[in-house]
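Chain letters run A, B, ... following the sequence lines, proteins first, then strands; residues in each count from 1.
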Amino acid sequence: MDLNYYVCRFFVCLLVFCVTEVYAQFDYAYNPIVFTPPIPAAFLQSSYEKTKVNIKQELAAKDLNRRQNRQFYMPSNYELTALFLSGDIYFNDTLTAYVRKVAKNLLRYNNLPLSYADKIYIGKYTVANATTWRDGTILVNLGFLVKLESEGQLAFVLAHEIAHYHAQHHLQQFTRKYQTNKRWRNPLLQKTKHTALFTAAYAQSHELAADSLGALWLEKAGYEGHEVLGLLKLLPTIDDDANKLKLSAYELLQYTLSDSLSLLCTINDLSQRDITSQRGLTKPNSAILQNHPAIEDRIASMTVLLLNKHQDIILNKLDTVKAKATFSYATTVASFEMLKVWLANAQYGRCLYESALLLQRYPNNVFIHEMLVQSAYWLVYYKQMNSLESVLEEIGAFEEQQYGLFLCELGHLINDDFETLVLSFIAQYRLVSTGSKIIQLYYARICELSGLNRKAQEQYLKYTRLFPNTRYTAFVEKRLWYIEKNLTDEK
Amino acid sequence: MRNKLLTVVVKYIYVGLLLFVVGQAGCRGSLYIEKSTDYTSQAPDIKYLVSINPLFEIIDTRKAIDLQYINSENGEIAFADLLLENAQKKQVKLTVIDANALNKNDTLYFNHLAPFKQQIMQANFLQHISFTQVEMSNNWFVDNWMRPDSKYFKYNPSIPPLYSYLSEIYGTPYFAVQGVFSVVEAKKRRWLWLFLVPPIGLYQFIKPEVKTYFYTIIVNVRSSEIIYREVRSFNNFASKHNLNSMIYDSFSIIKMSR
């Protein structure tokens, strides 16, 4: 009895420790995802090889001849190969493993081939979207993953995409398009317009079919049916900024001018005016030309389906606590990865904003500090290059959102003595994150960019002293050589 | 006297017309080069260059949307071979990192080279001027008299210093991004050629409108700066013969210290 009691207590303690360890691991640092070997075979195959394999496996319909099969697979495979080799698709990482695990769970309880899950990948794209390719490859964008609210929603996204492939919607669209092209061969009959209309109308019915099938699979796998409605309601606002807190660019960059308060009031007025003056220009296209049906129609169709659900559905009992924890872990990793993506895409304003948001959760995380420092540095750099408009997003696209206000403030800050401001900003983070190579390096760089050659030299030398033989050493040596040359020329 | 003058005029009209047709039928093109101010001192050092996954893309807009890119993958290997041959002729050791020929454990490409290439293209596009904004000319007078500074970067486009250590892995600080991009379109008003100059115009009637671009961007990873970039264009197919002379000339200029 006593032994059982102690064993139970031990396991409870171990569980508590593991959970706290999972969350605490982001408090001070984050190790970005690194590609590890072996590279998946799909990445190493050319589009010809992929097509050959696809046709050999008879994934395409038997109704198509060999030439049509090639036409069906080849373009999709060509684009996929380019995507795989772009370095924007993760493999052998925690995020892909998690998403595949969710997919496998879904497939297992629906008696579907588990091999479908092996073709699911995560892409480093900020747009909230997931796509199915003709060979069954499914790409879930990182930008979609961070916006989802539960594992059930992720499972529905996967179920929806798998349903497209399982029901061969691509093939049906291809056959339809092929027949339409044949029928409207005369160029005077505006072939393209007819094809577009035919395909779009057809795609809408496919979306509804994938929704229904996905919802059915979701319930069989043990997820709640309302997850479907939750996701569909989320979709129209998924690209919006979910942040409701006002995040001030002034406060972030610690603006210290004496008249900052009065300036802030003016800026707030200005930003509101700027935002309202730059209202969105794009209007939604005609409903018939859209390949997805209206959200209202999808919600209505799902509500009917969920009300009339079959009673004989075998439910899997999900461990909801565990599912919540793993989902939360995966989305946190995705949030950190997103910062890297914003930075790599040269969206420095966005990177600064998203880093500042994440900083509220993890104020001592060095990775976030590095992202803040790098994005601030590149903003100064682009200001000096006179091409800031190419890296800052249009405020009009984010009207009435906190990000729009943040961008507006940032824009006004940039017009002032931005170099000095960022210099002191990076200097502060250098004191907080003393062990960071990147912050020390960017401090030296901002000194150099501000024309403080002596100070920059001092900081580069400090870098070599503190961090000998790092991946930046060759760069630092070269910068020191340039500064030395400049100083000699000045003399 | 009058008849003689008329004969000469008629004769020259024919010669003029013939020259016009030949000029139109021939290959026209342009060249734009921009480099860092200290390139003259660096050019002799470019003995070893690493070319990251050269791009070869042909878009045939005459075909259905799905099938426009299909010929591109075939040409990639031939393009890489041409680069190697011409680099050898100009005594440049060239290593072509071909993403289609990676082995199972070659994750260096995904961790560093692919994002590095992305950063080069981005810096090239966002900083100072981009190829799309470049007013390309092949006019000696315009280049040398009207804008003598246009050959040099005002500021060297900069990339993040994250990749400077690649110089130790590959034994050279010089990395290149090269590519060929070709667009084939159906010729507009081609019937006009057939009616205007029937025998010679037949070639113009059959031949589609082609625009081919060849570009090279060279980066010094130690200083994390773009030091050289060029873009050439010509109105012909991206065939082996057309590209060969262009690539040879490109390597000659890369090695030139002026």
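Proximity to chain B (any heavy atom under 4.5 Å) is shown, for A:Y377, by neither the backbone nor the side chain. In this structure, chain B has no heavy atom under 4.5 Å from any part of A:V476. For A:I438, no part lies near chain B; criterion is any non-hydrogen pair under 4.5 Å. Contact of A:N345 with chain B is made through backbone and side chain together, with heavy-atom distances under 4.5 Å. Both the backbone and the side chain of B:P160 have a heavy atom closer than 4.5 Å to some heavy atom of chain A. Contact annotation for A:T36: only backbone heavy atoms (N, CA, C, O) come within less than 4.5 Å of a heavy atom of chain B. Contact of B:N103 with chain A is made through the backbone alone, with heavy-atom distances under 4.5 Å. Neither the backbone nor the side chain of A:Q45 comes within contact range of chain B, judged by heavy atoms closer than 4.5 Å.
When each of A:N92, A:D88, A:N386, A:T473 is checked for heavy-atom pairs under 4.5 Å with chain B, A:D88 comes out on top. Interface check for chain A: of the options B:A99, B:S224, B:S223, the most heavy-atom pairs under 4.5 Å are formed by B:S223. Contact tally against chain A (heavy-atom pairs below 4.5 Å) for B:L166, B:I159, B:L113: the top residue is B:I159.
Atoms CZ and CH2, on B:R222 and A:W481 in that order, are 12.0 Å from each other to the nearest 0.5 Å. Distance check, rounded to the nearest 0.5 Å: CG of B:L126 to CH2 of A:W378 gives 10.5 Å.
The local environment of NZ in B:K255 is crowded, with over 12 non-hydrogen atoms from other residues, nucleotides or ligands closer than 6.0 Å. Counted within 6.0 Å of NZ on A:K340, heavy atoms from surrounding residues, nucleotides or ligands total more than 12; the atom is thus considered enclosed.
Of the possible polar contacts, one joining the B:Q119 side chain to the A:A344 backbone as a donor-acceptor pair under 3.5 Å is found. Distance alone, capped at 3.5 Å, places no donor-acceptor pair between the B:N111 side chain and the A:V34 backbone. A donor-acceptor pair under 3.5 Å is formed between the side chain of B:Y109 and the backbone N or O of A:L85.
Using the six-membered ring where Trp is involved, B:F110 and A:F43 have ring planes that are perpendicular, over 60° apart on the 30 and 60° scheme.
In this structure, A:S86 and B:Q118 approach most closely via the heavy-atom pair O-OE1, 4.5 Å. Across all non-hydrogen atoms, the minimal contact from B:S164 to A:A474 is O-CB, 4.0 Å. A:P37 and B:N105 make their closest contact through CB-OD1, 3.5 Å (heavy atoms, listed as atom of the first residue, atom of the second, distance). Taking each heavy atom of A:Y472 and B:P161 in turn, the nearest pair found is CD2-O, 3.6 Å.
Inter-residue side-chain proximity for B:S158 and A:R445 is flagged as met; some heavy-atom pair is nearer than 4.5 Å.
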Run the side chain to side chain contact (heavy atoms under 4.5 Å, CB included) test on A:R471 and B:Y163 for me, step by step, so that the C-alpha distance in whole Å, both residues' side-chain angles and the decisive distance to 0.1 Å come before the verdict. CA-CA 7 Å; A:R471 59 165 51 183; B:Y163 310 99; over 6 Å; no
